[in-house]
Amino acid sequence: MKTLIEKLLTKALAALPEDLLPMNVRDLGVEVENTRDAQHGDFASNLAMRLAKAARQNPRKLAEALVRLLPPSPSVAKVEIAGAGFINFFLSKDAYHAEIAKLLQAGRQYGRSSVGAGKSVQVEFVSANPTGPLHVGHGRHAAFGASVANLLEAVGYRVEREYYINDAGRQMEILAVSAWLRYLERCGERFAFPANGYRGDYIAAIGEQLFAAQGVKLQHAAADIFKDLPPDEPQGGDKDVYIDALIARARSLIGDPEFRRVLNLAVAGILSDIREDLQEFGVTFDCWFSERSLGDNGSIDRAMDALKKAGHAYVKDGALWFKSTDYGDEKDRVMVRENGVKTYFASDIAYVFNKLERGFDHLLYIWGADHHGYITRLRAGLIALGGPADSFEVRLVQFVSLFRGGEKAQMSTRSGEFVTLRDLRKEVGNDAARLFYVMRSNDQHLDFDMELATARTNDNPVYYIQYAHARVASLMRQLQERGLAHDSELGLRSLCKLVEPQELQLIKRLSAFPEIIRQCAAQRAPHTLVHYLRDLANDFHTNYSAHQFIVEDAGLRDARLGLALAAQTVIRNGLGLLGVSAPETM
RNA sequence: GCGCCCGUAGCUCAGCUGGAUAGAGCACCUGGCUUCGAACCAGGUGGCCGGGGGUUCGAAUCCCUCCGGGCGCACCA
């Protein structure tokens, strides 16, 4: 509908005589916006005001000329000039009704479009380290990433959802040794658990699993294990030095192959837990990408070779550096340390290289806000490897603070004192969790109040929106109980009977849905969709309270039920993009 | 010190690629169920949009600056 108005205005602009507007200032794009106030019509344009300066004309005079030159359209009932020179468009009722007919015909497809033109976008999100279960912070990443991916898909992009598994590096070894120590406890050994070890209950479960599979095969006496180790942190030592020594000891006692087996068992267990958790949350991935595979198949070396060849890498102090300062970074970054060990950044460069090789048109990274310092250097890597700068995009998700009854819950994977995503889902339900997570802008810190999320009040938009959907289902049940059936053909023919202001308001809102979806996708802003759905539910409830649906006049009845079904369709489609269910009863 | 995010009604937040009188929910106050689900609706109270400058026909929105809060600035991952 908006595009129609834009077309009309573009034609009028082209027809404007030269004495009113010089030819050389006409490439100004035509802008049309939704009005906030119904007094200003349905759509408004500020074109005349924007032209006024270049044309050295009074904006109202320009507006009058434009309005005179507007081609007539059956969809436009009235055009007015208001204020400083706004051109306000009032749509005809026919135009409203035609949109509802279109909506009902499109059904589940309504709102989808093809502006993405089949371009491919890879969305990488969550990518939590497989060192423990997902917590509530990861939940926000999951909900946000999944919703953005759905939105992009809805507007015609080919979307690939990816989870990057950080299964390489020292963290994994700490995980393995933690699991082994829990296993030893299960075997009956007694000792002090390392300060830097993972101490969550899930580690003990892995130890238990190890015991069930291996018996006492991997058992060693505590005295042997801890003999001559440097002091741990509580004894005044360095916890990192201590745990590294402990890892080395474990390797030498049980052998490297066994150690790797323990590591793999731990990672596999945690990863399958994460996968199941996300699946239950309605978040799925097309690809689970292993960081370790980058090292195993030589990708890291190839990426670094590519950088060297392009002249963006150099050796200094025995280390290999990436010259990221060439692309705006504040300092160059080490890829291979003096001791020959590759840094985490080397993996990230290789991973970007790999993504480029896979040929995506656009790369969307969703990161925690604490990673913002990483953006510049990684973009530098992408450009240095020949990727187009504008294909690289990072969206940061701010932190989640969990509140329970006004008290802030602490979250730390290492200490094991955290509320998991699974706990949260169990307590508030998937629907409330998904909606709460994306209700606020990703740039905004989120205070997630679990009591609020479970409250069945208007605080919680989940119920408000779902209730509107269920009410329509209830209407249809009621219709059946009265021995009536909905004649959709008659309803379509009778749409002209929808003339009440609440009905027209609802239709207007429904008509905006496709544009809202495009906007949400373009801005990666699922929270805008939540607000839209809340407003839509409000319009529906208002109309519901104001007018009877099941009335004597069959034409009016079927038209009104058609409108109700249209609202139900848009709510279902919208909630679907957010991963929230649309129940028939509540 | 440098960088990113945030500061809008008592509370939680929309609005930010400049547009008309700044919006929603909660809270508070008034009304509305013998009638399709009151998990609802109608109405009301409540704002120097953190402060100050600038850009212009027009600024919550853009620029500068200051103040306040969060986060980050490794040959860690």
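The sequence lines fix the lettering, A, B, ..., with proteins before strands; numbering per chain opens at 1. Just so you know, these numbers use all the heavy atoms, side chains as well, and skip hydrogens, waters and symmetry mates.
- Pairing of B:rC48, defined by two Watson-Crick or G-U wobble distances under 3.5 Å, is not identified with any nucleotide.
- Across all strands shown, B:rG7 pairs with B:rC67; the Watson-Crick or G-U wobble distances both stay below 3.5 Å.
- Across all strands shown, B:rC29 is found opposite B:rG43 as a Watson-Crick or G-U wobble partner, with both distances under 3.5 Å.
- For the ring pair (Phe, Tyr, Trp, His ring centres under 6.0 Å) test, no residue two or more places apart in sequence or in another chain qualifies with A:Phe43.
- When the options A:Asp244, A:Asp238, A:Ile243 are evaluated for a side chain to side chain contact (heavy atoms under 4.5 Å, CB included) with A:Val241, the one that passes is A:Asp238.
- Across all strands shown, B:rG23 pairs with B:rC13; the Watson-Crick or G-U wobble distances both stay below 3.5 Å.
- A salt bridge does not link A:Asp332 with A:Lys316: every distance from a Lys NZ or Arg NE/NH1/NH2 to an Asp or Glu carboxylate oxygen is 4.0 Å or more.
- Across all strands shown, nothing is found opposite B:rU35 as a Watson-Crick or G-U wobble partner with both distances under 3.5 Å.
- Map A:Tyr374 and A:Ser474 each onto its nearest nucleotide of RNA chain B; the residue landing nearer the 5' end is A:Ser474.
- Ionic pairing of A:Asp301 and A:Lys342 is present here: one or more N-O contacts between side-chain nitrogen and carboxylate oxygen are shorter than 4.0 angstrom.
- For A:Arg395, the side chain to side chain donor-acceptor pair (under 3.5 Å) partners two or more places apart in sequence, or in a different chain, are A:Glu393.
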What string of B, S and - do you get for nucleotides 16-21 of chain B 5' to 3' if you count protein non-hydrogen atoms under 4.0 Å? -B-BBB
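- A donor-acceptor contact under 3.5 angstrom links the side-chain atoms of A:His372 to the base of B:rG3.
- Residue A:Lys342 has no polar side-chain atom (N or O) positioned under 4.0 Å from OP1 or OP2 of B:rA77.
- Of the nucleotides present, B:rG72 is the one that pairs with B:rC2 by Watson-Crick or G-U wobble criteria, both distances under 3.5 Å.
- We find that A:Asp553 and A:Lys497 are joined by a salt bridge, their nearest charged nitrogen and carboxylate oxygen being less than 4.0 Å apart.
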